[in-house]
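Take a look at the structure set out below.
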Amino acid sequence: MKRAFTVCGILTLANASHAEVELSGSAGFEQRYFLQDALYNPQERSYSSAFFMPEIYTQWNGGADTLVVKPFYRIDEHDDERTHGDIREFQWAHYADSWETMVGIGKVFWGQTESLHLVDIINQTDSVESVDGEVKLGQPMVNFNYLTDYGMFSVYALPYFRERTFQGESGRLRPPVAIGDALYESDDEERNIDLAIRWQSSIGDWELGVSAFSGTTREPELVTRLDQDGIPEILPFYAQIDQVGIDVLKVSGAWLFKLESIYRSGQSEDFTAVVTGFEYTKQGLWGTRYGVGVLAEYQYDERDDNFFAIGQNDLMTGLRIIVNDIAGTEVLFGFVQDLEESSTYSGFVEASSRLTANWSWTFNGYFFSSDDIEDPFYFLRRDDHVQFSLEYYF
Amino acid sequence: MISIHKAVSLLLIFLMGSTYGVASETDNTKALTIAKERKQRDTGWGTTEATVTMVLLNGQGQEAQRELNVKSLEVTDDGDKGLTVFNSPHDVKGTAFLSFSHALEPDEQWIYLPALKRVKRISSRNKSGPFVGSEFAFEDMTSYEVEKFSYEYLGEEEVNGEMCFVLKQTPNYDYSGYTFQKVWIDKSHYRVQKIEFYDKKEALLKVLMPKEYQLYKDKFWRPMRSEMQNVQTRKSTYLITEDINFDTDLLESDFDKNRLKRAR
């Protein structure tokens, strides 16, 4: 498999050498500030970091073949695990009229909802990058898509598994003990070949997707045990799973109705999870230029005790404010309430705007609360933080 | 400042009302005939691909630019399909906007966000919302279809040195940001020379001036410059066509949400 990748890489590079190469990308500085003193040693209050993510792009055969190379690196002042690099993309794509293929490291998104991405399973979460789980690690893949009038049919072979990133000892947003090295169910460990298939289509006012996955779970279960020195350690265990999923969106005037649901077997319990809700958008609020979006999504998960399954019976409500200015300013406020445990909730604000054609800023704040020692948020109850980042795009 | 503009525009409406009088049945038939001729003369172009610069002026002398690649596909007896890809500003490079416009049914729209590799369906009710912070609303960017409006004939007037028919067109589709528009269509080639947009309070909101018309394939006129000014806020947006090609190899299948990742 690896050899096939190397051959592909060399072939694409050889072809690409005749073509024009475009360089673009972004770099930025980020400051995180935690509002309360840390619970665990040796965590800090303030974390500075900087990232660099160039993108090299070339195409040939009149755009029928493309190559994207997109490395990423972040340096964090304190957290050795957040100081990390990744190949976000290193992918050759070939586009034909009714089919396309992508080979190399890439990213795929599946799904429709905003507060949780249940169906989206191809890429691993780069969880040290952002609390919202929206940032993903590059996934090695061989992907083939067949495009018809009845939608797109996709097949993926995923030859190499990416471990989820976790904060180090000096990082905030972690359990009392930093999460250690991966354990696998598969004897092939990260070399287990995972497979996935998907169909997606637009039919009038509907967006539909059906998918299936078989292989190493992207969402580990945490195992707590004592190491040889009798010191407790927490390790992520990656089981072999089978998962089927559906995602649906219906447009109705100003309303978008969304649903995602999965059934997964192979971990400590088989389970169903659902997230469903709506987004309502109104432009020209009270005769102004402003637009608003109102979001609500209900999250249900049959599991009781997975550290990462936070949406067990929870309601997310959100308000998006769209300024509709030249700077593209947007602010999203959100609140997630656990419907079973009133002390467990979280809130967030995500704001962004452009300063010039090249510079933009984002301001995010995340707030967690829980009195329930069984709840993952209990460990994060002192990890409320705000972060400001300044980004340069070139 | 704004109140003066409103007063002036209200006065204009009043004056025009008294000049043109109440539209008669034959005048409305004439207006519809002109509208149909306008559409007829711009039928059969097939596909186009254009490089467009959008210049946004905030009224205080500040300027921002966007570079767009705009692909269009003519759909007979329905609204056209459009695919707009942003080349700048850099933070939205590769963002693609796909729309299937329809005469009376709600438009279908998708946006592709390259950083997330995600295609998002957009609510069809955003017609009155500004297109990427510009003075063009989504509904100003979609294709002209006769059935979208009801027409009244208001008379004749000279604009840009061209003698024009003046029509009042009232949107028949839902969720428009306008009560009506006034359109100046030149008698020589049935090209739009000017559009005035009236807001929900029937006050003049924006004026569009298409300029520098060029003839393609001996039949199709395209303005190389379209200037939209918001008379209430003094903000303006110019759409400047850098390059337009009528002999593309675009297919209907290129206008597909599953192919948006190819757009670049």
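So that the names make sense, note that chain A is the first sequence line, chain B the second, and so on, each numbered from 1.
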**Asked** Side chain, backbone, both or neither: which part of A:Phe394 has a heavy atom under 4.5 Å from chain B?
**Response** backbone
**Prompt:** Of the backbone (N, CA, C, O) and the side chain (C-beta and beyond), which part of B:Asp174 lies under 4.5 Å from a heavy atom of chain A, both, or neither?
**Reply:** neither
**Asked** So, A:His117 versus A:Phe109, ring centres under 6.0 angstrom or not?
**Response** yes
**Message:** Check the orientation of B:Tyr198 and B:Phe180. Use parallel for under 30°, tilted for 30 to 60°, and perpendicular for over 60°.
**Reply:** parallel
**Which atoms of A:Arg354 approach chain B - backbone, side chain, both or neither, heavy atom under 4.5 Å** = side chain
**Request:** Sort A:Gln200 into side chain, backbone, both or neither according to what part of it lies under 4.5 angstrom from a heavy atom of chain B.
**Result:** both
**A:Asp205 portion near chain B, given a 4.5 angstrom heavy-atom threshold** = both
**Prompt:** Is there side-chain contact between B:Thr48 and B:Phe246, with at least one heavy-atom pair below 4.5 Å?
**Reply:** yes
**Asked** When heavy-atom pairs shorter than 4.5 Å are enumerated against chain B, which of A:Lys136, A:Gln112, A:Arg88, A:Lys70 gives the highest number?
**Response** A:Gln112
**Request:** Under 4.5 Å heavy-atom distance to chain A, tell me which part of B:Lys235 shows up: side chain, backbone, both or neither.
**Result:** side chain
**Request:** Below 4.5 Å from any heavy atom of chain A, which atoms of B:Lys257 appear? Answer side chain, backbone, both or neither.
**Result:** side chain
**Prompt:** For A:Leu256, is it the side chain, the backbone, both, or neither that has a heavy atom closer than 4.5 Å to a heavy atom of chain B?
**Reply:** side chain
**Request:** Classify the ring geometry between A:Phe388 and A:Trp361 as parallel (under 30°), tilted (30 to 60°) or perpendicular (over 60°).
**Result:** parallel
**Message:** Between A:Met102 and chain B, with a heavy-atom cut-off of 4.5 Å, which part of the residue counts as in contact: side chain, backbone, both or neither?
**Reply:** side chain
**Request:** Give, as side chain, backbone, both or neither, the part of B:Ala137 having an atom under 4.5 angstrom from any heavy atom of chain A.
**Result:** neither
**Asked** Under 3.5 Å, is there a donor-acceptor pair linking the side chains of A:Ser353 and A:Thr329?
**Response** yes
**Message:** Show the nearest heavy-atom pair for residues B:Asn230 and B:Lys206, with the distance to one decimal.
**Reply:** CA-CG, 4.1 Å
